[in-house]
Protein chains: 2
Amino acid sequence: MVTIKDVARIAGVSTATVSRVIHDGAQVGPVCRARVKKVIAELGYRPNSNAQALVGKTSRTIGVVTPKLSMSFFGTLACGVEKSARENNYKLLMANSLYETKSELDALNSLREHNCHSIILHSDYSDHKTLTKLANDIPGLVLINRYIPKIANRCVWLDNVQGAEQAAQYLLDKGHRKFAVVTSIYRNGDPELRVQGTRQALERAGIDLPNTAIEESTANIEGGEQAVNALLAKGCKFTAILAYNDLMAIGAIHALFAAGLRVPQDVSVIGFDDLPLARACRPRLTTMHYPVEEMANYASNLAIELNEPNKKIGSRTHLFLAELVERDSVAPPPEG
Amino acid sequence: MVTIKDVARIAGVSTATVSRVIHDGAQVGPVCRARVKKVIAELGYRPNSNAQALVGKTSRTIGVVTPKLSMSFFGTLACGVEKSARENNYKLLMANSLYETKSELDALNSLREHNCHSIILHSDYSDHKTLTKLANDIPGLVLINRYIPKIANRCVWLDNVQGAEQAAQYLLDKGHRKFAVVTSIYRNGDPELRVQGTRQALERAGIDLPNTAIEESTANIEGGEQAVNALLAKGCKFTAILAYNDLMAIGAIHALFAAGLRVPQDVSVIGFDDLPLARACRPRLTTMHYPVEEMANYASNLAIELNEPNKKIGSRTHLFLAELVERDSVAPPPEG
DNA sequence: CTGAAAGCGCTAACAG
DNA sequence: CTGTTAGCGCTTTCAG
């Protein structure tokens, strides 16, 4: 490994000078600078970022904690952060939280050991109190997909209620009057919020959503299938299904087809998230676009800013809105 | 930040002792150890891994370089590495290479600055020579999805030829005789290999694959659609399509349906990779399972082993095989 | 404009 | 079994 000392020795200068050259400090003469740069290039020297982090009290590293990187949503989230990291010359440290409170915290701590002060956390199971405390301990912590009023300026979130409302309103506008809702059993907040949004839109239109028209299951394809099968089994009548997310929506479509119902001719289905999947299935899924990548990018920039000592972050809020993407899984209800 | 010194002072011992306790060195008395542990817990002390890396000459960090984390395939790859990292108490550093030679190398270098000696690289565009040189420079570098004979013991790869052969043979066994191939324009090796495997299986069955039955396009859904439309436009006759990957297969199915052809009744389609998508589309896609997660996990363990000074890695080879997953997109050819 | 020197937090001999 | 000491590679005053 070639160190700053090697460069200094060969260039015939002190390590301090080399350091200055590296950091483009103006405090060094042009000839000297040129010589040092030459030696750096020749030796292929690159500064050891561990040493830099050690002395600098902070590493140019941004950490990301999400449940599971192999899920499309989180991979996209990571990508958004990566872009910001790359542009700001930060490195990206990742850890899966695996949907467990304990490993969520473990993951976070492992990042802190690295002096990683900019952290994007997608927390599913830690409570507000824990997170608020964490945010106070870690100046560069930003929560994504979560809203906690006390630390609002550290939360980058999406208005789930508004998104679900919009989805329901769209279905209403298409003429639907009989709805079913397929939601998630997970109690991390989002499902309730989306159901609430749906309810609000329907109530405004004078339509009641009976509890029998709501079916809960796991938030994946199988869950969507199960939920729709349960709905069908109990004779629930509907011309449109609002699914918690795209995965459940796709499962719903599968179950519908298996039962001889066509989408969207007999039943319309709307999803949420706009995963890559939504463009791949048939019919292509009409859904609410969740701008994760954009949000993650924003969150990352925010986390980095938060660590810049001079910048003062006010109590601004970071709210994003879901956007309707019309594709092929929604049509007006069948006649009669 | 609480340091080892704080712990030492409060526990009334030297930093060396604290260090020993941290590393479970047996060289410390039980009472003393207990006291130190207590103080560590009380203070919430966690060692600074930058300092550890600095003195230890190597950081417990494993790096991953892939084109784009938001792609399902690479997210899954990262997950495989993450699991191994977590189990071995390593941290995960990620960098996107964005499908460019230069950023591939940039990404790699940024990892090296971190003293990150265990690296998993998914290289698409660097040539054998560059990679061989890199492998010599970085003892813990492991290539995934690439085979270079000279550094075979550092390559974790999949036999694409065999996989494609198997897919073609499966179609042959179902009774198909008229094939079309939808492949990728990217020249990173895989497409050629898969076409070659297909050719081999067909030739063995005495079937010729005319160049007109092969259509190239981008390796995504749109590419699959385009390719099939081109095939259809030039009046190519086939009862089965072998797609370069699942994305192109799904695109192919879309184009087929748009043209009034049913899958699998009129035309069978087989994919490659077995992305989550393959289970979500309709008909569910029959495809060759690419065990990326398993391979990545293996590669990560290998990379970590490579950095353990005493272990001698022989010239073993690390070849994985694709496996057929039968779902619903393949059926016997229509009568006549 | 440049160098000397101190020290970031930690580990690893070497003593005792 | 435990403490002392000397750095790891780098940045940053403080002098010059």
Side-chain angles (χ1 to χ4, degrees), chain A residues 1-37 39-40 43-61 89 91 109-117 309, chain B residues 1-37 39-40 43-61 89 91 109-117 309:
Chain A
M1 164 179 272
V2 29
T3 75
I4 200 172
K5 275 189 191 167
D6 300 324
V7 177
R9 186 169 31 80
I10 296 179
V13 297
S14 73
T15 60
T17 301
V18 179
S19 179
R20 286 180 190 117
V21 171
I22 293 168
H23 297 285
D24 273 330
Q27 318 282 42
V28 49
V31 262
C32 180
R33 168 185 306 267
R35 189 152 30 103
V36 172
K37 281 201 167 174
V39 175
I40 288 180
L43 264 46
Y45 165 76
R46 271 152 333 91
N48 178 325
S49 51
N50 292 116
Q52 290 180 314
L54 183 56
V55 58
K57 294 300 203 190
T58 176
S59 67
R60 288 189 84 81
T61 302
N89 192 28
K91 281 164 192 69
N109 283 333
S110 86
L111 297 185
R112 296 178 72 185
E113 291 171 13
H114 252 279
N115 263 359
C116 173
H117 294 140
Chain B
M1 164 180 273
V2 28
T3 75
I4 200 172
K5 276 188 189 165
D6 301 323
V7 177
R9 185 167 33 76
I10 296 179
V13 296
S14 73
T15 62
T17 300
V18 178
S19 178
R20 285 179 190 118
V21 171
I22 293 167
H23 296 285
D24 273 331
Q27 318 284 41
V28 50
V31 264
C32 179
R33 169 186 306 265
R35 188 154 29 103
V36 172
K37 281 201 167 174
V39 175
I40 288 180
L43 265 47
Y45 164 75
R46 272 154 332 89
N48 178 325
S49 52
N50 292 116
Q52 291 180 315
L54 183 55
V55 58
K57 295 301 201 187
T58 175
S59 67
R60 288 189 84 79
T61 302
N89 192 29
K91 282 163 193 70
N109 283 334
S110 86
L111 298 185
R112 297 179 71 186
E113 291 172 11
H114 251 280
N115 262 3
C116 174
H117 293 141

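Here the structure is a predicted model, which is why all the values come from computation and not from measurement. Below, chains carry the letters A, B, ... as their sequence lines are ordered, and counting in each starts from 1. Only heavy atoms go into these numbers, but all of them, side chains included; no hydrogens, no water, no symmetry mates.
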Rounding to an integer number of Å, can you tell me how far [X] [atom1] sits from [N] [atom2]?
X      : N      : atom1 : atom2 : value
B:E113 : D:dC8  : CD    : P     : 20 Å
A:R46  : D:dC10 : CZ    : P     : 11 Å
B:I4   : D:dT2  : CD1   : C1'   : 14 Å
B:L43  : C:dG9  : CG    : C1'   : 15 Å
A:N115 : D:dG9  : CG    : C1'   : 15 Å
B:R20  : D:dT5  : CZ    : C1'   : 12 Å
A:N50  : C:dC10 : CG    : C1'   : 12 Å
B:D6   : C:dC8  : CG    : C1'   : 13 Å

Between [options], spot the one nearest the side chain of [X], thanks.
X     : options               : answer
A:V28 : C:dT2, D:dC10, D:dT2  : C:dT2
B:L54 : D:dC8, C:dT2, C:dT11  : D:dC8
B:V13 : C:dG9, D:dC10, D:dG3  : D:dG3
A:M1  : D:dT11, D:dG9, C:dC10 : D:dG9

For B:G12 and for A:S19, find the nucleotide of DNA chain D with the closest heavy atom, then tell me which residue's nucleotide is more 5'.
-> B:G12

When A:K5 and A:A16 are each assigned the nearest nucleotide of DNA chain D, the 5'-most assignment goes to A:K5

Distance (rounded to the nearest 0.5 Å) between [X] [atom1] and [Y] [atom2]:
X      : Y     : atom1 : atom2 : result
B:N115 : A:N48 : CG    : CG    : 4.5 Å
B:S110 : A:K91 : OG    : NZ    : 5.0 Å
B:K5   : B:Y45 : NZ    : OH    : 12.0 Å

Residue pair B:A51 / A:L54: nearest heavy atoms and the distance that separates them | CB-CD1, 3.7 Å

Closest contact, heavy atoms only, B:H114 versus B:S59 = O-OG, 3.2 Å

Under-4.0 Å side-chain N/O to phosphate OP1/OP2 contact, [X] with [N]:
X     : N      : answer
A:S14 : C:dG3  : yes
B:T17 : D:dT2  : no
B:Q52 : C:dT11 : yes

